[in-house]
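What follows is a single structure, and I will ask about it in a moment.
Values below: all heavy atoms of this structure, side chains included; hydrogens, waters and symmetry mates excluded. Predicted, not measured: the structure shown is a model, and the values here were computed from it.
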Amino acid sequence: MTLRTPAMMLVIATVTACGGKLVDERPFTVASDKVTLAWETTVPEGEASLWLDYKLETGSEHDITQGRTDAVYHMQGLLSVTSSGNPAYDGPLYLRSDGPPTTALTSTVTIGSTKTCSAKGCSISGRVRTLNLDTLAAGSPIVISAALPLEGDQIRIESLGMQLRAK
C-alpha cells in the first residue's frame, strides 16, 4: 500500500509547519502532589515557542444532542520565563479543555492530539503551544520554571513535558 496521495502530504506539511522543529525538551518532575520544571536553555534561531507535551486522564461530559463525549478539565499553575535576567512571562499556566495554556495567547494551537472517552472519563494526549518567544533574541539565555498540581478537579497528569520549538 502506498501513501503518496497529495492529501496525505498536505497533512504532514501542515503538522510540521504548525509546531516547527523540536530544538530541545524537558520532562516535568513529579514531587509529592505537584509536577515542576526548572530549565535553562538558549533561544533558538527562527520563530521560537514553548509547547506543553501532555498525557492526561480527565472527566468527561456527554453531549446528548451531538451524541459525543468530550473531555472536561481545568487546572492552574504558574509559568515563569526570564531572558538575560529580564522577565519575558510571569503568570498562569493552564491545562484546560476550554482555552489556551496561558493568558498570553489569543488562540490555542494543538497538534498530534488523541482522545479516547467513555462515561468514566477521557484519556487525552498531544502538544499545545504555550508561549511565543518570538520577541526574544536568538542565542539569549532563558530560564524557564513551571509548576502545576499533579491532580485537580476531574484531571490527573500522567506525563507532562515542555518543548522548545522553532520555525
Rounded distance (nearest 0.5 Å) linking atom OH of Y89 with atom OG1 of T130 =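 If I round to the nearest 0.5 Å, the distance is 9.5 Å.
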Value rounded to 0.5 Å, distance of CD in E47 from CG in L133 =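 E47 CD to L133 CG: 11.5 Å, rounded to 0.5 Å.
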request  = With the side chain counted from C-beta on, respond yes when R127 and Y54 share a heavy-atom pair under 4.5 Å apart, and no when they do not.
outcome  =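 The answer is no, as the side chains (C-beta and beyond) never meet within the 4.5 Å cut-off.
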request  = Compare every heavy atom of G20 with every heavy atom of K167, then report the nearest pair and how far apart it is.
outcome  =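 Closest heavy-atom pair between K167 and G20: CG-CA, 3.9 Å.
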message = Side chains of L164 and P44, heavy atoms from C-beta outward: is any pair under 4.5 Å?
response =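 Yes, side chains in contact.
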key: Within residues 121-167 or reaching into it, pairs that qualify as disulfide (SG to SG under 2.5 Å) - sequence neighbours excluded   =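 Residue pairs with at least one partner in residues 121-167: C117-C122.
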task = Report the distance from atom CZ of F28 to atom CG of L160, rounding to the nearest 0.5 Å.
result =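 So the CZ of F28 and the CG of L160 are separated by 4.5 Å.
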ask   = Are T114 and S125 close enough, and set up right, to give a side chain to side chain donor-acceptor pair (under 3.5 Å), and what steps lead you there?
value = CA-CA 5 Å; T114 62; S125 64; 2.7 Å; yes
query = In this structure, are over 12 heavy atoms from other groups packed under 6.0 Å from K55 atom NZ?
reply =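 At most 12 heavy atoms, drawn from other residues, nucleotides or ligands, come within 6.0 Å of this atom.
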query = Just how far is it from atom CG of N132 to atom CG of L50, taken to the nearest 0.5 Å?
reply =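 These two atoms lie 9.0 Å from each other.
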query = Distance from I157 atom CD1 to E57 atom CD, nearest 0.5 Å?
reply =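 The distance works out to 12.0 Å.
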Side chains of residues 29-43: which donor-acceptor partners sit under 3.5 Å, not counting sequence neighbours?
none

For residues 140-154, which side-chain donor-acceptor pairs fall under 3.5 Å, sequence neighbours excluded?
from	atom 1	to	atom 2	distance (Å)
S140	OG	A137	O	2.8
E151	OE2	R156	NH1	2.7

ask   = Under 4.5 Å between any side-chain heavy atoms of L79 and M162, yes or no?
value =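 Heavy-atom side-chain distance check passes, below 4.5 Å.
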key: I124, T58, V72 screened by side-chain contact (heavy atoms from CB on, under 4.5 Å) with I155, the one that passes   =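 Running side-chain contact (heavy atoms from CB on, under 4.5 Å) over I124, T58, V72 with I155 returns exactly one hit, T58.
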ask   = Should L52 and Y94 count as side-chain neighbours, where that means a heavy-atom distance under 4.5 Å?
value =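 A side-chain contact is absent here, since even the closest heavy-atom pair is not under 4.5 Å.
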key: Gap separating the CG atom of D53 from the CZ atom of R26, nearest 0.5 angstrom   =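 So the gap between those two atoms works out to 14.0 Å.
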